[in-house]
Amino acid sequence: MSSEHPIPERAPGPPPTGTTAAPPPDEPAETPFLRLLATGASAEDFERAVLRARAEGAPAGRLAALERAKLLALRVRTELEGRRRREAELSALYATVHDLAGLRDLDAVLRAIVRRARSLLGTEVAYLTLHDPSAGDTYMRVTDGSVSARFQQLRLGMGEGLGGLVAQTARPYVTDSYFHDERFRHTRTIDTGVEDEGLVAILGVPLMLGSGVIGVLFAADRRERVFEHGQIALLAAHAAHAAVAIDTANLLAETRKTLTELEAANEIIRDRSAVIERASDVHDRLTELVLRGGGVQDVADALAEVLRGEVEFAGPDRAPAAALDRSRADGHAVRDGTDWVAAVSAGGEVLGALVLRGHPALDPVDQRTLERAAMVTSLLLLARRSAGEAEQRVRGELLDDLLDAAGRDPRLLRERAARVGANLDAPHIVLAARIEGPPGARADGPQTADTPAGAAPPALAPALAPTPAPAPAPALAPAAARTGAGYDAAGPVAGADRQRLWSAASHLAATRRGLAAVRDGGAVLLLPLGPGDDPAHAAREVAGRLGAVLHVPVTVGGSAPVTAPAARPAAVADAYAEARRCREALRVLGRGGQGAAAADFGFLGLLLADTRDVDGFVHRTLGAVTDYDARRGTDLLRTLSAYFASGMSPARTKDELHVHVNTVAQRLERVGRLLGPDWQSPARALEIQLALRLHQLSAAVVRPPGA
């Protein structure tokens with residue numbers, strides 16, 4: 001911090017000589033006084049020149065001219081001294097602002113404010129009170145020069161004492177003699193504290209942020225004193241800068257607190273990473289088992305290795321009856337003594353249970369893994385039961401073949417498509433639709449009877465989405481029809497509703513010259529995409545049309561365009577996995593009954609989409625700024641990057657860019673007009689920072705070495 005800057009009483013000059021000679025009679029009357037002004041002489045020297053001329057017998061006209069010149073010179077001298085004093089005050093105020101700008105700790109800022117206030121006005125005591133919103137008063141926060149403990153602990157209600165009046169009216173107040181001033185309300189507590197400190201003359205100015213008062217800054221003496229208007233204005237200007245410094249320090253303190261909380265959250269995440277990695281490992285192994293057609297014992301062995309325990313599959317007659325019933329009713333694995341039991345069921349039918357032996361304490365993530373393994377087991381059992389019938393029926397469905405058989409002959413696919421009026425050489429979009437179940441239904445409930453053999457249950461969708469398993473849905477449709485109702489990922493769904501969804505989807509596909517099929521408890525559609533069509537718009541339109549026909553909410557996820565399904569059948573399966581991810585993302589985000597594609601999810605779309613359209617995401621997020629820079633030759637993108645890198649602080653941004661802070665403010669205002677008024681909200685700021693980082697990485701990749 002720089003040194004203190006006391007205000008000099010007058011500009012320095014040579015000491016008075018005391019030997020000023022009387023001006024020659026023929027010299028202009030103003031000349032001697034101009035010489036005195038040039039040397040910074042005292043007021044007595046100006047009077048002495050007139051007295052000498054009178055003593056030497058100068059004529060009356062000469063004396064009158066000298067008197068007029070003296071008065072004019074004294075007025076000029078007074079004006080010059082006032083200007084020198086104001087210049088010194090402004091210089092001291094500038095140094096104060098500079099010092100405050102360099103402080104970050106709130107206590108240090110407050111101490112510096114009070115010390116500077118005392119120095120600027122040359123008072124014996126200075127102190128600062130802050131507003132307490134909860135109590136509705138102000139309290140003594142920092143003092144300088146105070147010796148009374150009682151005074152340092154004072155609290156002032158609104159309108160009480162001089163400080164309470166300042167806080168209430170938001171105007172400066174000054175008193176030459178505190179105890180004889182009746183303009184404000186005296187209280188015994190406040191008067192006792194002021195008397196202990198011995199204060200007499202007090203000046204108080206409000207600390208303002210916007211239109212609100214956050215505190216009061218005081219300068220006081222222990223003797224009667226008249227505070228001049230210039231001194232009141234000087235302390236008020238200091239208080240204005242001090243309020244900004246206090247606000248900045250508070251914001252920095254809040255930022256530090258937030259960072260501390262984030263670090264604690266990161267520590268929790270790191271602590272859980274080992275459990276999550278273990279769950280991811282078992283998901284991968286279960287995926288491999290499903291894809292290669294493994295058996296129930298393979299699932300039990302893989303689970304036993306990951307959970308480090310003994311796992312066995314028990315049929316309905318060998319599983320613990322009470323625990324099996326509780327697990328089937330709850331849809332969760334339940335504890336049975338030192339064991340854990342997870343029911344294996346499908347379509348309301350109990351097929352058995354997975355039993356984990358000797359694990360009285362089980363981590364919630366491991367419990368979830370056991371439950372998902374039970375679902376995979378139910379799928380394998382259903383697949384074994386209906387493999388023959390399902391295999392025959394799935395080969396007769398064109399869309400199922402596109403989804404399940406990537407090696408199909410393109411020529412045969414084109415011929416079969418032509419028979420139903422579809423053109424599989426044109427761009428298409430894959431849509432995954434599902435009726436929303438009743439509120440509160442579990443997202444990982446048992447599968448429906450028409451859940452495809454070998455397919456991943458919704459609970460395992462994130463792990464299995466990149467490579468969907470075969471799903472011969474039509475083969476299992478008769479079973480669903482027989483039961484009349486079943487379970488899907490959204491909970492109990494009537495078989496009639498599934499049939500209505502299938503009918504509506506088929507009709508919609510036929511009118512669009514597309515294809516539709518029942519799959520994974522919902523419907524999948526393959527629709528042609530026109531040159532100007534948008535996947536997100538198509539998903540919303542289909543959700544609206546199906547919901548209107550069925551009179552129930554229908555959630556629809558859309559994929560990126562598939563350029564030629566006949567030529568690249570495998571792309572259809574990938575697109576369906578992407579559409580399912582978008583559909584499930586809508587449900588997780590509480591947007592069931594809507595339609596969306598990956599582009600609708602901002603940066604989450606990068607995780608949901610198979611294409612990973614990074615350039616598209618960057619352009620959607622920052623395109624307005626990059627285009628503006630390209631057209632105008634400006635540097636808004638670099639300013640935006642420096643702003644986030646500097647903790648969203650314009651002051652640090654201008655240091656990073658080596659420009660004036662006003663330039664930073666103007667650039668950020670332009671960015672706000674280009675990106676929208678909410679560009680600094682947490683969600684938008686996160687997307688913008690991610691887009692900036694991806695843009696920088698992309699530029700680094702394409703830039704030649706040495707460029």
When you check the side-chain N and O atoms of Asp629 and Thr634, is any donor under 3.5 Å from an acceptor?
-> yes
Candidate pair Ile688 and Leu640, rule side-chain contact (heavy atoms from CB on, under 4.5 Å), full reasoning = CA-CA 9 Å; Ile688 292 171; Leu640 190 59; 3.8 Å; yes
About how many Å separate CD of Glu228 and CG of Leu203, when rounded to the nearest 0.5 Å?
-> 12.0 Å
May I ask you to check whether Phe184 and Tyr178 place their ring centers less than 6.0 Å from one another?
-> yes
Side chains of Val664 and Val659: closer than 4.5 Å at any heavy-atom pair?
-> yes
Distance, nearest 0.5 Å, that separates CD of Gln666 from OG1 of Thr639 = 11.0 Å
Just wondering, do His238 and Leu217 contact through their side chains at under 4.5 Å, heavy atoms?
-> yes
Specify the closest pair of heavy atoms between Pro172 and Val205, including all atoms of both residues, with the distance to one decimal.
-> CB-CG1, 3.8 Å
Side chains of Thr187 and Glu160: do they bring a donor and an acceptor to under 3.5 Å?
-> no
Could you tell me whether Arg673 and Glu669 have a side-chain N and a carboxylate O separated by less than 4.0 Å?
-> yes
Evaluate the side-chain proximity of Leu207 to His131: yes if any heavy-atom separation is below 4.5 Å, no if none is.
-> no
Close side-chain approach of Gln231 to Leu235, heavy-atom, < 4.5 Å = no
Check step by step if side-chain contact (heavy atoms from CB on, under 4.5 Å) holds for Phe179 and Asp191.
-> CA-CA 8 Å; Phe179 292 99; Asp191 286 357; 4.1 Å; yes
CG of Asp137 to CG of Leu130: how many Å apart, nearest 0.5 Å?
-> 11.5 Å
Ser119 (side chain) donor-acceptor with Arg115 (main chain) under 3.5 angstrom | no
Within-4.5 Å side-chain heavy-atom neighbours: Arg638 and Leu657 | yes
Is the closest side-chain heavy-atom distance between Leu622 and Leu692 below 4.5 Å?
-> yes
Are the charged groups of Glu197 and Arg222 less than 4.0 angstrom apart, N to O?
-> yes
Ignoring hydrogens and angles, tell me if any N or O in the side chain of Ser146 forms a donor-acceptor pair with the backbone of Thr143 under 3.5 Å.
-> no
Heavy-atom pair with the smallest gap, counting every atom of Val125 and Arg118 | N-NE, 4.2 Å
Roughly how far, to the nearest 0.5 Å, is OG1 of Thr129 from CG of Leu154?
-> 10.0 Å
Aromatic ring pairing Phe644/Trp679, orientation class (parallel under 30°, perpendicular over 60°, tilted between) = perpendicular
Minimum-distance pair of heavy atoms, taken over all atoms of Asp176 and Val226 = OD1-CA, 3.7 Å
Is there side-chain contact between Met648 and Gln680, with at least one heavy-atom pair below 4.5 Å?
-> yes
Can Arg155 and Asp132 be counted as an ion pair, charged N to O under 4.0 angstrom?
-> yes
Supply the atom-to-atom distance Ile113 CD1 to Asp144 CG, rounded to the nearest 0.5 angstrom.
-> 12.5 Å
Dump the intermediate steps for side-chain contact (heavy atoms from CB on, under 4.5 Å) on Val194 and Ile190, then the final yes or no.
-> CA-CA 6 Å; Val194 174; Ile190 298 175; 4.2 Å; yes
Give the intermediate values and the outcome of side-chain contact (heavy atoms from CB on, under 4.5 Å) for residues Leu675 and Arg670.
-> CA-CA 9 Å; Leu675 297 182; Arg670 173 63 63 180; over 6 Å; no
Between Thr653 and Ala642 the two heavy atoms that sit nearest each other are OG1-O, 3.9 Å
Looking only at heavy atoms, the pair that brings Phe227 and Ala219 closest together is CZ-O, 3.8 Å
Would you say Arg188 has more than 12 foreign heavy atoms packed within less than 6.0 Å of its CZ?
-> no
Quick one: does Ile202's side chain get under 4.5 Å of Tyr127's, heavy atoms only?
-> yes
Could you tell me the separation between the CZ atom of Arg223 and the CG atom of Leu199, rounded to the nearest 0.5 Å?
-> 12.0 Å
Do Arg652 and Ser646 have side-chain N/O donor and acceptor atoms under 3.5 Å apart?
-> no
Between Ser148 and Asp196 the two heavy atoms that sit nearest each other are OG-CB, 3.3 Å
